[in-house]
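Written out below as structure tokens is the structure these notes cover.
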Amino acid sequence: MGTRKPKDVIKAALPKKPRRTPSPKPPQGKAGPGAEPLEEYRAKRSFERSPEPQGAKAASRAGENQFVVQKHAARRLHYDLRLELDGVLKSWAVTRGPSLVPGDKRLAVQTEDHPLDYIAFEGVIPAGEYGGGTMIVWDHGRWSPEGDPSEALATGRLTFTLSGSRLRGRWHLVRTRSRDKKEQWLLIKSDDEHARAPGALDILEEHQTSLLTGRTNTELAAGGEVRSDHAARARATRPKLAAPKGARKALLPTFVEPCLAKLAEEAPSGSDWLHEIKFDGYRLQARIDGTTVGLLTRKGLDWTARFAPVADALRELGLGSALIDGELVVEDDTGVSSFSALQADIKAGRGDRLVFYAFDLLYLDGTDLRSLALRERKDLLIGALDDLPAGGTVRWSEHLEEDGEALIRHACRMGLEGIVSKRAGSPYVSGRVDHWRKTKCTQRQEFVVAGYLPSTTSRKAVGSLVLGAYDGDRLVHVGRVGTGFPATTAGALWSDLDALSRPSAPFADPLPSDASRGVRWVRPDLVAEVEYRGWTADSLLRHASFKGLRDDKDPREVVIEREGTAEPAKARDLAGVALTHPDRVLWPDQGLTKQGLAGFYAEIADWILPHVVDRPLALVRCPSGTEKACFFAKHPWAGMHEAVSRVRIGDEEGVAIHDLAGLLALVQAGVLEIHPWGASLADVDRPDRIVMDLDPDESVGFAEVIAAAREVRDRLGAFGLESFVKTTGGKGLHVVAPLTPAAGWDEVKAFTAALAEAMERDSPGRFTRTLEKSARTGRIFIDYLRNGRGATAIAAYSTRARPGAPVAVPLGWEELSPSLTPGFFTVANLPTRLRHLQRDPWEPVRSLRQRLPTLRVRRRRPDRRGQVPSPSR
């Protein structure tokens with residue numbers, strides 16, 4: 001992925017420490033700071049064997065600016081983009097090649113500078129050499145940057161035009177993150193006359209030959225310059241590991257029972273602990289014996305065929321023999337591993353999103369490593385995976401050496417599942433051990449499926465599951481789960497469970513009639529993983545959400561393990577609002593139901609209600625879910641629940657709510673977005689907040705949106721206005737400044753319009769206040785129109801009617817990071833964040849007293865730097 005991972009967000013929030021250097025590895029030829037530009041290029045190559053040009057840095061040539069794209073069939077096929085600048089070729093490895101579809105982001109890993117005479121290089125790099133494989137000149141021409149290209153590269157955003165034989169038009173290179181010393185960028189095509197629509201012929205399929213010779217890479221390889229078995233020979237020549245002190249020579253084990261972590265209430269601290277983000281997938285052991293690769297579950301079941309793409313990627317590592325401990329996951333758009341997404345991909349037979357995170361090495365090249373300290377095993381694993389491509393199927397699972405309590409606190413604030421802490425000096429011991437500890441943010445367990453209720457809205461689909469757990473030999477009822485079933489999952493579960501039908505409940509004790517009414521009972525053969533918020537005084541699950549079936553678990557191993565304090569069922573959970581069709585799925589991609597949304601709002605009521613009660617509201621209603629018709633509603637509707645009030649606003653009628661019952665009544669009406677006015681019902685003509693909405697073009701990176709938000713904050717601060725920030729559930733940010741109601745709408749709108757105008761004038765290449773989409777290309781739209789009478793903005797903690805069920809979330813300014821991808825917080829993970837927040841970042845919004853300053857706009861010509869003065873008092 002091009003986005004940064006939650007681990008990176010946590011690392012950014014923690015105090016910086018010097019990075020520990022792994023055990024020594026063979027020299028990689030890296031050039032040090034201040035080195036001659038081509039030193040790294042030369043250090044990586046043996047020019048006695050490789051036909052690549054040795055080259056020299058050339059003098060800059062005004063107006064030349066050549067570029068080349070070389071199709072490089074190395075261990076993995078990719079395309080090398082090289083741009084002439086400062087006498088060298090700045091180079092990026094574009095892993096999937098350039099795309100002509102606007103907004104289609106292609107990962108581009110920056111590599112070492114190349115000499116200018118590399119522009120015409122085409123040939124075969126011998127096996128065993130750096131980049132071994134075939135290379136053809138796929139495209140060549142001129143490129144022209146917008147602005148100073150050196151400055152643009154330093155700031156992480158280079159916009160340029162290509163005039164080549166195959167690639168033409170405007171492009172963007174946007175830096176996203178670094179992996180070790182390799183800069184990761186995104187290559188993105190602008191929407192111009194040279195762009196192509198999604199689904200059109202791929203430029204990479206249209207053109208597969210060399211511009212110089214007309215040959216493909218395959219034809220070049222068949223010309224006798226490289227043997228077809230060069231990949232196998234490269235594996236055979238990989239240097240083997242010398243047995244480390246303390247390890248022993250041994251045969252490759254068939255299977256090793258995995259080391260399992262004990263559950264801990266608090267994360268351990270101290271220098272002897274390494275911490276990893278807890279994954280949400282399948283624990284697998286990769287057994288590599290030459291070209292034979294096996295993937296084994298924690299019970300030793302062979303799942304190699306099930307995850308063939310992972311086995312293929314492991315085979316490409318070129319290891320002679322190895323036993324690697326790791327976790328198989330699928331990551332969502334925010335970079336978080338998702339068991340539900342993994343289950344969905346398995347059901348669909350999809351393998352392109354599978355990722356194997358390797359975190360331990362038990363055996364390598366004839367040596368059993370289990371007796372070594374964890375830190376030593378990890379260093380050896382880094383060495384074995386040193387040449388992994390960024391963002392590939394097999395990845396190194398990095399650890400953090402930080403204070404455990406600080407780390408779990410930040411992980412929970414990010415809505416993650418938790419962390420796993422491991423003693424750095426511990427050997428690898430099978431079974432559940434104390435030197436591996438897991439600390440959870442969320443409460444999750446496996447439960448036995450005992451029955452189901454059919455959906456009330458779909459034929460042959462599951463609406464909810466009846467769950468149990470074993471207490472000795474007795475299966476005990478623990479409640480139901482009625483949300484978290486995407487449409488395909490609900491249908492597949494129906495088929496699975498229908499085949500397990502039985503006439504009566506499998507529980508040891510009879511259930512009350514209300515708990516068994518309408519249930520179809522099944523044999524207790526399946527295990528479901530469920531996330532929940534706690535237990536009621538009746539020992540039943542509260543706010544449970546289905547995550548997937550665990551076919552790697554034995555139902556008899558599922559025992560009662562109640563985490564957290566049992567609490568009485570809260571009367572306010574549904575606040576007296578009856579839901580019709582509670583199992584109606586509102587977000588099909590998440591399986592989030594009406595009941596699930598109501599439970600979410602009931603749980604976070606103390607957070608959202610201050611932002612939505614007693615205000616005129618505009619609502620996005622999607623009665624049949626996000627994939628069906630949605631519409632905007634500002635006026636009362638037929639059949640409106642009594643908890644939703646009709647309010648008079650001038651000559652019109654509007655709607656408002658006053659408590660949780662009103663909020664849940666909106667859920668009953670299919671409301672998925674809540675947009676309040678910037679004024680309360682008590683004084684609708686005088687706003688009590690400013691909202692500056694920063695809406696970026698698709699090509700603008702989130703780091704630039706963050707910089708824009710901070711600029712708005714600083715400009716407001718110059719007027720003495722304190723401001724706050726929130727995500728929108730989309731790709732932008734809102735900067736909000738509370739006001740003591742005094743100024744009218746026209747005054748507030750004039751102030752924000754002048755602020756937007758000043759930002760546009762000072763940085764016309766970054767900002768626009770023009771509403772038309774055509775004016776926003778490559779810029780951030782500063783939407784000050786949110787501050788007019790009758791205008792609205794998404795409420796803090798409101799959901800959005802978009803895939804993933806994202807939520808608009810207030811943040812502290814210190815939490816803003818490019819690692820925090822837009823839409824990161826969702827219905828699924830936000831409650832975890834809120835439970836672990838030490839303070840509400842928006843608490844001052846309710847009590848802060850500040851007035852709109854008197855505005856005086858100085859209309860002067862630009863100064864010598866071309867800057868236009870900002871609004872002033």
Side-chain angles (χ1 to χ4, degrees), residues 610-612 614-619 632 634 649-650 652 654 656 673-696 705 708-730 732-762 767-772 775-776 780-796 798 808 810 842 845-846 848-857 870-873:
H611 301 285
V612 296
D614 300 327
R615 290 178 180 272
L617 301 177
L619 309 166
F632 215 62
K634 297 195 297 183
I649 308 171
E652 294 186 344
E673 294 188 8
I674 305 172
H675 298 251
W677 278 37
S680 69
L681 290 174
D683 196 347
V684 294
D685 292 318
R686 294 189 293 180
D688 61 6
R689 61 187 56 191
I690 288 170
V691 179
M692 299 298 285
D693 180 4
L694 302 174
D695 186 7
V705 183
R710 289 176 175 149
E711 181 172 337
V712 172
R713 175 194 62 184
D714 294 344
R715 287 177 181 262
L716 290 171
F719 289 95
L721 293 175
E722 185 176 352
S723 58
F724 304 81
V725 67
K726 77 168 185 281
T727 68
T728 65
L733 291 171
H734 283 177
V735 179
V736 177
L739 296 174
T740 299
W745 287 106
D746 290 344
E747 294 172 82
V748 173
K749 187 175 180 181
F751 176 85
T752 56
L755 187 68
E757 180 183 8
M759 292 180 68
E760 182 183 47
R761 287 182 177 178
D762 289 350
F767 304 122
T768 180
R769 58 195 172 93
T770 304
L771 192 61
E772 287 77 14
R776 303 190 199 181
I780 297 171
F781 172 48
I782 307 173
D783 187 358
Y784 67 90
L785 300 173
R786 303 284 180 184
N787 302 286
R789 191 180 192 279
T792 60
I794 190 69
S798 169
W842 273 31
V845 170
R846 308 181 203 178
L848 190 61
R849 296 290 179 263
Q850 53 187 14
R851 289 178 177 269
L852 187 77
T854 303
L855 183 66
R856 178 168 56 89
V857 181
S870 300
S872 63
R873 286 180 285 185

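We number each residue from 1, following the sequence as shown.
The aromatic ring centroids of Phe632 and His675 lie less than 6.0 Å from each other.
In this structure a side-chain-to-backbone donor-acceptor pair under 3.5 Å is present from Gln850 to Glu722. For Lys726 (side chain) and Ile794 (main-chain N/O), a donor-acceptor pair under 3.5 Å exists by modelled atom type. Of the possible donor and acceptor atoms, one in the side chain of Ser798 sits under 3.5 Å from a partner among the backbone N and O of Ile674. Using modelled atom types, no side-chain atom of Thr770 and backbone atom of Glu772 make a donor-acceptor pair closer than 3.5 Å. No donor-acceptor distance shorter than 3.5 angstrom exists from the side chain of Asp614 to the backbone of Ala656, with no hydrogens or angles considered. Although no hydrogens or angles enter the test, the distance criterion places a donor-acceptor pair under 3.5 Å between the side chain of Glu747 and the main chain of Gly744.
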Note to self: Determine whether Phe767 and Glu711 satisfy the following criterion, side chain to side chain contact (heavy atoms under 4.5 Å, CB included), listing intermediate values before the conclusion.
What the structure shows: CA-CA 11 Å; Phe767 304 122; Glu711 181 172 337; 3.7 Å; yes
Checklist line | Residues Phe751, Leu716; criterion side chain to side chain contact (heavy atoms under 4.5 Å, CB included); working and verdict | finding: CA-CA 10 Å; Phe751 176 85; Leu716 290 171; 3.8 Å; yes
Item checked: Full working for salt bridge (charged side-chain N to carboxylate O under 4.0 Å, His left out) between Asp783 and Arg769 -> CA-CA 6 Å; Asp783 187 358; Arg769 58 195 172 93; over 6 Å; no
Margin query: Assess the residue pair Val748 and Ile690 against the criterion (side chain to side chain contact (heavy atoms under 4.5 Å, CB included)); give the C-alpha distance rounded to whole Å, side-chain angles, the decisive distance to 0.1 Å, and a yes or no.
Written below: CA-CA 7 Å; Val748 173; Ile690 288 170; 4.0 Å; yes
Margin query: Walk me through whether Phe724 and Arg713 qualify under side chain to side chain contact (heavy atoms under 4.5 Å, CB included).
Written below: CA-CA 8 Å; Phe724 304 81; Arg713 175 194 62 184; over 6 Å; no
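Considering every non-hydrogen atom in both Ala793 and Pro676, the closest pair reads O-CD, 3.0 Å. In plain terms, the two heavy atoms of Leu771 and Phe781 that are nearest each other are CD1-CZ, 3.5 Å. The two residues Pro696 and Gly732 make their nearest non-hydrogen contact at CD-CA, 3.8 Å. Between Met692 and Leu755, the closest heavy-atom pair is CE-CD2, 3.8 Å. Shortest non-hydrogen contact noted between Val684 and Ala679 is O-CB, 3.9 Å.
Inter-residue side-chain proximity for Pro687 and Trp677 is flagged as unmet; no heavy-atom pair is nearer than 4.5 Å. Between Leu739 and Arg689, the closest side-chain pair of non-hydrogen atoms is not below 4.5 Å. Considering only heavy atoms from C-beta on, Tyr784 stays 4.5 Å or farther from Glu757 through its side chain. When side chains are defined from C-beta on, Val712 counts as touching Leu694, because their heavy atoms get closer than 4.5 Å. A 4.5 Å side-chain heavy-atom check between Val736 and Val725 finds every atom pair outside the cut-off. In this structure, Thr740 and Asp688 have side chains that are not in contact, with every pair of non-hydrogen atoms separated by 4.5 Å or more. Contact annotation: the side chain of Pro610 approaches that of Arg846 to within less than 4.5 Å [non-hydrogen atoms, C-beta and beyond]. Side-chain contact between Arg851 and Leu721 is absent, with no heavy-atom pair separated by less than 4.5 Å.
Other residues, nucleotides and ligands place no more than 12 heavy atoms under 6.0 Å from the CG atom of Asp746.
One distance of note links CG of Leu681 with CD1 of Ile649; it measures 6.5 Å at 0.5 Å rounding. One distance of note links CE of Met759 with CZ of Arg715; it measures 5.5 Å at 0.5 Å rounding.
The only member of Thr752, Asp693, Thr792 that meets side-chain hydrogen bond (donor to acceptor under 3.5 Å, both in side chains) when paired with Arg786 is Asp693.
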